[in-house]
Amino acid sequence: MKKRVIIDTDPGLDDALAILFALGCGRFEVLGLTTVGGNIGLDRTTLNAGGLLAVMERGDIPVIRGSDVPLTREQQDIIAIVHGADGLKGITLPEPLAPASDGASAWIASTLAVAEPGSIDILALGPLTNIAHLVTEHPEVVGLIGEIIVMGGTLNEPGNSGPNSEFNFATDPEAVSVVLGSGAKVTVVPLDVTRKVRAQLDYVEALPDTPHGTLAREVLGQYMQDGRQSRALHDPCVMLLALEPGIFRLEKLALDVDLGEPPDAGRLLLDKRGSLVNVALCVDAERALALLRTGFV
Ligand code: BDR
Ligand code: CA
C-alpha cells in the first residue's frame, strides 16, 4: 500500500530532490504540495513546485500556496548562496501544468477531514509556518494527522543558520514551538542525521538516465557547485524516514525551542518540561543512499 502524504515545501534544491524521489519511487501517494516561503519567496517556491510536477507529468497533483512570512518575525535574509536567486540555481523547469491555488492550511485541513483518521502523513521540508497555521486554525483535524515528519533543528551538530540553529527552525521558531506542542505525532529529522547522508560525486554521476534521474543529477550538480566533493541531503531524509524508519535510530526526547533573538533563535533545547517528540539521532547512510537511488530508476 502506498503511503499517503502531503508535502509542505520551499523548493529549494534539496526539496526538489526529495519531491522527485517521492514522485518517482512509486511508494507514495502524494495528495498535494503546499508551499511556504523559505529558501526563496513564496511565488518562486510555488512556481518551482509546479515545475517539478510538470517534469513528472503530474498535473493531477495540486499545488497550494501557504505563507510567505513567518508567524510573527521578519523573514530571514534569503540564502541565495545555497539555492540561487530562483531557488534552483538557474535550473529551468517546464511551466506548471495547472495553476496553484491559495490557502494551504485550509486545504490540508479539508483533506484530513474527509480521510480515514491517521491515514495521511505530512512531510514538512521548509519552515513550519503553514503547519503552525494548520494546528492553530484547524485544531479539530490535529488528531486526524498520521504523523508530521519535519526536517529541521540540530542537537549535537553546529547550526547552519546560527552557531546552534538550523535554517528551517531559525526562520520561524514560533511555528516550531506550536507544532512541537500540538499533540500531533511529530518526528524531527535534524542536521545530526541529514549531514550524514551525503551525495558524493560518483553517487551523483551514477544516478540513472531516466528523465527525473537526469534532473536529479542536474539538481545535485548545482547543489555541489563551488568545488564541494559531497553535499548533505537534508530534505530527502524525511522521505526516506517515512518509508524506512528502521534505517534511522529514533529516540523520544522532550524538546523546547529557543524563542529568543538571532542568531540562535530556533535552537532546539532539551528540556524535561518540553514536548515529547521522536528525533532521528543516527542513520545508516549507506542504506539511505541506496534507498534514495531507487526513486530514480
Ligand atoms: C534546510 O534548509 C533549507 O535550506 C533546505 O532546503 C533544508 O530544508 C536545511 O537546513
Ligand atoms: Ca527545504
Side-chain angles (χ1 to χ4, degrees), residues 5-22 33-42 44-46 48-49 52 66-68 70 75-89 91 104 122-131 148-173 175-176 179 187-199 216 219-220 222-226 228 230-242 257 262-268 279-280 283:
V5 295
I6 292 167
I7 302 175
D8 189 70
T9 178
D10 62 335
L13 290 163
D14 59 327
D15 299 72
L17 193 69
I19 291 166
L20 292 173
F21 170 78
L33 302 185
T34 54
T35 54
V36 64
N39 285 321
I40 194 82
L42 181 68
R44 196 71 214 196
T45 60
T46 304
N48 290 347
L52 291 163
S67 303
D68 200 10
Q75 199 164 30
Q76 292 203 115
D77 283 347
I78 299 297
I79 46 169
I81 194 168
V82 179
H83 301 271
D86 59 1
L88 293 175
K89 274 223 165 148
I91 292 176
I122 297 174
L123 308 182
L125 312 181
L128 284 173
T129 321
N130 290 342
I131 313 305
I148 308 174
I149 309 179
V150 178
M151 192 282 129
T154 180
L155 285 170
N156 301 310
E157 278 280 311
N160 62 1
S161 179
N164 301 293
S165 68
E166 177 280 333
F167 175 79
N168 287 341
F169 282 13
T171 299
D172 198 345
V176 179
V179 173
T187 298
V188 172
V189 185
L191 293 178
D192 305 67
V193 297
T194 65
R195 282 200 176 132
K196 304 284 184 306
V197 182
R198 307 190 74 85
V219 165
L220 282 164
Q222 291 302 331
Y223 201 33
M224 290 167 78
Q225 257 182 11
D226 65 24
R228 289 172 191 249
S230 72
R231 192 90 205 205
L233 302 178
H234 304 295
D235 292 338
C237 284
V238 168
M239 279 50 193
L240 303 178
L241 189 143
V257 58
D264 266 342
R267 167 174 56 159
L268 284 175
V279 185
V283 58

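If you read the sequence from its start, that first residue is 1, and numbering goes on from there. Please read these numbers as outputs of a predicted model, since none were measured by experiment. Whatever order the structure lists ligands and atoms in, that order sets their numbers, starting from 1.
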S.K.: Distance-only check: which donor-acceptor pairs under 3.5 Å involve side-chain atoms of residues 150-160, not counting sequence neighbours?
M.R.:
| residue | atom | partner | partner atom | Å |
| --- | --- | --- | --- | --- |
| T154 | OG1 | E157 | N | 3.3 |
| T154 | OG1 | E157 | O | 2.7 |
| T154 | OG1 | D192 | OD1 | 3.4 |
| E157 | OE1 | R195 | NH1 | 2.9 |
| N160 | OD1 | F167 | N | 2.8 |

S.K.: So, is L125 polar-close to ligand 1, with some N/O to N/O distance under 3.5 Å?
M.R.: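 Between L125 and ligand 1, an N or O pair is found under 3.5 Å apart.
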
S.K.: For ligand 1, which atoms have a heavy atom of E166 less than 4.0 angstrom away?
M.R.: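 That gives atoms 1 (C), 2 (O), 9 (C), 10 (O) of ligand 1.
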
S.K.: Is the shortest heavy-atom distance from the side chain of M239 to the side chain of V5 under 4.5 Å?
M.R.: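 The answer is no; the side chains never approach within 4.5 Å.
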
S.K.: With sequence neighbours left out, what residues match A199 under side chain to side chain contact (heavy atoms under 4.5 Å, CB included)?
M.R.: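 By the side chain to side chain contact (heavy atoms under 4.5 Å, CB included) rule, A199 matches Y203, V204, L220, L233.
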
S.K.: Once side chain to side chain contact (heavy atoms under 4.5 Å, CB included) is applied, do any residues pair with A216, and if so which ones, sequence neighbours excluded?
M.R.: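 Only L17, L207, F296 meet the side chain to side chain contact (heavy atoms under 4.5 Å, CB included) criterion with A216.
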
S.K.: At less than 4.0 angstrom from any non-hydrogen atom of N160, what atoms of ligand 1 do you find?
M.R.: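 Numbered from 1, ligand 1 contributes 9 (C), 10 (O).
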
S.K.: Tell me whether D10 has any N or O atom under 3.5 angstrom from an N or O of ligand 1.
M.R.: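 By distance alone, the answer is no.
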
S.K.: Would you check if H83 and D14 make a side-chain contact, meaning some heavy-atom pair closer than 4.5 Å?
M.R.: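 Touching, per the 4.5 Å side-chain cut-off.
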
S.K.: At less than 4.0 angstrom from any non-hydrogen atom of M151, what atoms of ligand 1 do you find?
M.R.: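 Result: 1 (C), 7 (C), 8 (O), 9 (C).
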
S.K.: Any idea which part of D15 is under 4.0 Å from ligand 1, heavy-atom wise: side chain, backbone, both or neither?
M.R.: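 Within the 4.0 Å criterion, D15 contacts ligand 1 through side-chain atoms alone.
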
S.K.: Would you call V189 and T194 a side-chain contact if the rule is heavy atoms closer than 4.5 Å?
M.R.: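 Side-chain contact under 4.5 Å: yes.
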
S.K.: Taking C-beta and beyond as the side chain, do S165 and P263 meet within less than 4.5 Å on heavy atoms?
M.R.: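 Heavy-atom side-chain distance check fails, nothing below 4.5 Å.
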
S.K.: Around the Ca ion (ligand 2), how many protein N/O/S atoms fall inside 3.0 Å?
M.R.: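 Of the protein's nitrogen, oxygen and sulfur atoms, 5 lie under 3.0 Å from the Ca ion (ligand 2).
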
S.K.: Taking side chain as C-beta onward, heavy atoms only, is P11 less than 4.5 Å from L52?
M.R.: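 Counting from C-beta outward, P11 and L52 do come under 4.5 Å.
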
S.K.: Among T35, N39, T129, whose side chain to side chain donor-acceptor pair (under 3.5 Å) with D10 holds?
M.R.: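 Between D10 and the candidates, side chain to side chain donor-acceptor pair (under 3.5 Å) is satisfied uniquely by N39.
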
S.K.: Check this for me - ligand 1, H83, N or O atoms closer than 3.5 angstrom, yes or no?
M.R.: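 There is such a contact, yes.
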
